[in-house]
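Notes to accompany the following structure.
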Amino acid sequence: MVIDEQIVKDCIAGKRQAQRLLFDTFAPLMLGVCMRYCRDRDEAEDILQEGFIKVFQNIHSFRGEGSLAGWIKRVIVNHAINYINKRNKIVRHEKIDEIRETEILDMNEPIEFPDEYNPALLLKLIQELPVGYRTVFNLHIFEDYGHKEIAAALGISENTSKTQLFKARRWLKNKIEENRQKKNLK
Amino acid sequence: MSQPSNNNSGSGKNFDDLFRESIGKQEFTPSPGVWKSLNWKLMIRELMQFNFVNIPKLALVSASGGLIIVASLTYWALQSDSKSTTLERPEIHPETLVRPSASLNIVSVPTTEPVIVSEKPAIQTKLSGANPILRAGAPLKRNFAAGALIASNARIEKTVPPAEPTTNPVEENNAETSNPVSFTGINSLDPLVFSNFDLSPALDTISFIRSGEVFKYVRETMPVPSFFSADIGIAPEMALYRSNGATTKEFNYWANAGIAYHYSRFSIRTGLGLGYTYDEGIYKMQYRSNDSVSFYKEVIGYYPDPSNPSRIIYITRNHAIYDSVTHIADDRTRNRFTYLQIPLLLGYNVFETPRFCLGFEAGPAISFLINERKAQPSIDIPNGRLIKLQDNSPARLSTNWQLWVRLTIEYQFTKHLGLVINPYYKYFLTSPTQSPENGTRTNQAFGLDVGIQYQFGRKSNKK
C-alpha cells in the first residue's frame, strides 16, 4: 500500500479512514519493532496503540523530507523508550570497568549458530533478556544508536550502556549455545 | 553514530547482523481489537480536544443555522405570548363580591373629593367572595403619592350587588374577568383620589364612594419573591499569566451549569464548570544532525596533460564532511488542561424590572485539574537524531482557589426563561501553575459567561 501525500493530509485533518489506512499499512512492521522492546505481545500492542496515537497527534510535524515509515518508527521507538523508562528501573550502577578482560576476549570467540536461523527463536531470546539489556541491545543493534545517544535517551552513563550491551550479547550467546547443545543432544 | 561491533559467529555471520537480518524487518499482524481500541481512544481524545475553536466548518455552519432557527422560533413564540401575558400588568383588579358592611363607616363626599375612611380599629369582614378583602385600619394621612400607593401592591374594589357583574378596566383582554358593568371613574381616581392622602403602612383599606357607588382601595401584602433558578452557559475567557514582569495571554473555554436560590434581591449560587485551559509547553531539545560542513576530494585517477606532458591531471570525487556537533533547540507547544470548577457566589440585584435585572455576584471558587494533555514537541529533525528532550513547561497544580467577581445581566424572555450575560473577573488566590524556572506565577482571568436561565417556582414578578 502506497501512502501518498493526500493520506497524510487527511490524517492531519483527523479523518478516520485515512488513519485506518495508515495504521493498516504500518502497524505490522511497527508491531515487530514493539515486540523487540517488550516481553509479550499484549504489552507490545499497548505500546503500538499509544505510539500510533502519538503518530496521529504529531503527524503535522512530518515534513515529508524523509520516509514516513522511518518517521513513524522513530515516534514508536521514542514512545517505547518512554514506556520502558516509566515502567522499569534500568540497572544503572554497572560500569564497564567491572567486566573482566577475559570476558571481553570470550566475546570475540566464534559462535556457532544453527544453519537455519529461526527468527521466532531469536525474537524470543531478545524478549527474555532483562529489560535493561534488551533496551540497550535494541537501540544499538536495530536503531543504530551510539552509546552516547543511548545514554542520553535512557538517562544512564555511556559506560553503563556499554556494559548492558556487552552483557546482552553474552547472555544471548550463552542462550544460543545452550539451544545448539540441546539440539545436538536430540 | 557508533558502528556495530564485529563479533563474528562461527558460521561467518556477524552476531549483530544475524539479529538485524532475521528480525529487523519482522512483521506481525496486530490483533483485530487493537484498531478498535485505538479508534475508541482517538474518539475520546477528539472529544477532549473540543475547545470551541477547532469545530469543523460544517458543524459551525449547522450550529449557526440551528441557532438562527431557534432564535426565530423563540421570537415568534414570544410575539404570540406577549398578547396574552400579564407579566407587566399593574396589580390592580376589582373584586366583585363586596357588600357594604354595617361596621364600615362610609361617608359620602362630592364626586371630586370621593374619600371615606374608617376611623375605627381594624375590623375584618368575611365577605361572600373567596378573598377576605375588607379591612379597616388606622386613619389616613394626607399628602401621599398615589403612584406609590398603587405600586405597593394595592387593588381597587367596587361594592356592587352580588348578582351584578363588573368589568376590570385594567384587564380588559382577560376573558375570565371581563364584565359588562362599567367601572367608571377609576382611571381618573388614580391621581385624584389618592394624591391628597397619605396612607400609613398599617392601613390596608380605603373605602370611598363615587357616583353613588362604593369603592374600596385595598393594599395587598405582596410576598417576598423567592425562587430557584438553573442556568447553563459557555464562557470564553482570557487568562493572563504573569511571571517576572512578563505577561502571557491564553484563551480558555468553559461550559458552566449552575443553580441559584433567590430571595428578594439576594441570591446564592453554586454549580459546576468544565473548562479547557491552555498554557505554553516549553521544551529544550538536544539533537545531533549530520550537517555537511565541508568536503574533500578523493583522487580516483590521473593522467598526463596531453598538451603539457609534464603536468598531471587528477580526476577527483567530492566527499562531504559532516559535523557531529550537538544542537540545542527550543520548541514551544500548546498544552491543554481540563479543569472542574465549583463556585459559591453571593449576589445582589441592584436594579430590577420584570424583564431586566442588573446585579453583581462575588465569592470563592475551587478548581480541580482532572486531565492534562501535553502536546509533543516537533521532533522531525532531518538527518538528525534526538538525544535529549527536556520538558521545562510550567507544572500545573491539582487544585487552586480563586476569587470571582462578576456582573450579572438578566433579560427575561418569558416569566421563567431568560438570557444571562455575566462579564467576570477571576483572581487566583493560589496559582494553578508552578514554573520550574520562574517559580510560582500569578494569574488572573477575564471572561464573559453567556447562557440561559430557567426560574423555578417563581410566583410573583419582581417589581
Side-chain angles (χ1 to χ4, degrees), chain A residues 14 16 19-20 23-24 27-32 34-36 41 44-45 48-50 52-54 56-58 60-63 65-66 71 74-75 78 107-115 117-120 122-123 126 137 140-142 144-149 152-153 165 169 172-173 176, chain B residues 1-13 15-31 33-46 49 54 56 286-288 324 326 331 333 373-383 385-389:
Chain A
R16 192 69 81 243
Q19 289 175 339
R20 176 73 193 261
F23 178 83
D24 287 345
L29 184 63
M30 297 309 150
L31 184 57
C34 295
M35 292 280 277
R36 294 200 297 263
R41 190 185 174 100
E45 288 188 341
L48 183 76
Q49 266 185 24
E50 295 297 327
F52 262 96
I53 287 173
K54 290 196 171 178
F56 294 137
Q57 277 179 344
N58 296 287
H60 61 273
S61 66
F62 174 66
R63 298 173 200 161
E65 293 172 2
W71 182 82
R74 199 158 61 218
V75 174
N78 280 341
M107 285 305 297
N108 290 327
E109 289 177 1
I111 306 168
E112 288 186 16
F113 292 117
D115 293 334
Y117 304 123
N118 184 348
L122 293 180
L123 178 64
I126 288 178
F137 183 81
H140 187 77
I141 304 298
F142 297 103
D144 285 342
Y145 273 48
H147 287 295
K148 207 169 188 174
E149 293 161 314
L165 180 65
R169 283 198 181 114
L172 288 168
K173 175 196 156 193
I176 290 167
Chain B
M1 190 181 298
S2 68
Q3 293 299 316
S5 59
N6 296 314
N7 297 317
N8 295 322
S9 69
S11 60
K13 203 79 165 164
F15 183 85
D16 296 343
D17 286 343
L18 166 73
F19 284 92
R20 280 196 200 99
E21 289 171 10
S22 301
I23 58 174
K25 294 191 176 177
Q26 204 169 11
E27 294 189 0
F28 294 90
T29 305
S31 310
V34 175
W35 169 253
K36 279 184 185 173
S37 176
L38 176 62
N39 188 25
W40 180 246
K41 285 179 181 175
L42 287 170
M43 272 170 38
I44 290 173
R45 279 176 181 269
E46 281 167 9
Q49 282 172 4
N54 59 357
Q286 247 180 303
Y287 67 94
R288 184 173 293 164
S324 57
T326 301
D331 193 29
T333 60
R373 189 179 66 83
K374 289 192 168 184
Q376 291 288 316
S378 175
I379 52 172
D380 187 17
I381 308 157
N383 301 319
R385 177 174 294 133
L386 186 67
I387 296 173
K388 193 175 184 181
L389 184 63

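Sequence lines set the chain letters: A, B, ... in the order given, protein chains first and strands last, and positions in each chain run from 1. Keep in mind that the numbers below use all heavy atoms, side chains included, and drop hydrogens, waters and symmetry copies.
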For this session: Dump the intermediate steps for side-chain contact (heavy atoms from CB on, under 4.5 Å) on V34(B) and F23(A), then the final yes or no.
Result: CA-CA 10 Å; V34(B) 175; F23(A) 178 83; 3.6 Å; yes

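Judged purely by atom type and a 3.5 angstrom limit, R20(B) uses its side chain to pair as donor or acceptor with the backbone of I141(A).
Minimum heavy-atom separation, R16(A) to N39(B): NE-OD1, 2.5 Å. Between R41(A) and P30(B), the shortest heavy-atom distance links the atoms NH2-CA, 3.8 Å. What you find for E45(A) and S31(B) is that their closest heavy atoms are OE2-OG, 2.7 Å. Between G33(B) and Q49(A), the shortest heavy-atom distance links the atoms O-NE2, 4.4 Å. Closest approach of P119(A) to Q26(B), counting heavy atoms only: CB-NE2, 3.7 Å.
Interatomic distance, CD1 of I23(B) versus CD1 of I126(A), reported as 3.0 Å (0.5 Å rounding). Separating the CG atom in L38(B) from the CG atom in L48(A) is a distance of 8.0 Å, to the nearest 0.5 Å. A distance of 10.0 Å separates CG in L172(A) from CG in D16(B), rounded to the nearest 0.5 Å.
Within the 4.5 angstrom heavy-atom criterion, no atom of A44(A) approaches chain B. Residue contact with chain B, scored on non-hydrogen atoms closer than 4.5 Å, involves the backbone and the side chain of L123(A) alike. Residue R20(A) touches chain B through both its backbone and its side chain, counting heavy-atom pairs closer than 4.5 Å. In this structure, the portion of E50(A) lying under 4.5 Å from any heavy atom of chain B is its side chain and not its backbone. Of the two parts of M30(A), neither the backbone nor the side chain holds a non-hydrogen atom closer than 4.5 Å to a non-hydrogen atom of chain B.
In this structure the side chain of Q19(A) reaches within 4.5 angstrom of the side chain of L42(B), judged on heavy atoms.
For an aromatic pair to be called close, the ring centres must be under 6.0 Å apart, and F19(B) with F137(A) satisfies this.
With sequence neighbours excluded, no residue forms a side-chain hydrogen bond (donor to acceptor under 3.5 Å, both in side chains) with K148(A).
Comparing M43(B), K25(B), K41(B) by how many heavy-atom pairs each has under 4.5 Å with chain A, the most go to K41(B).
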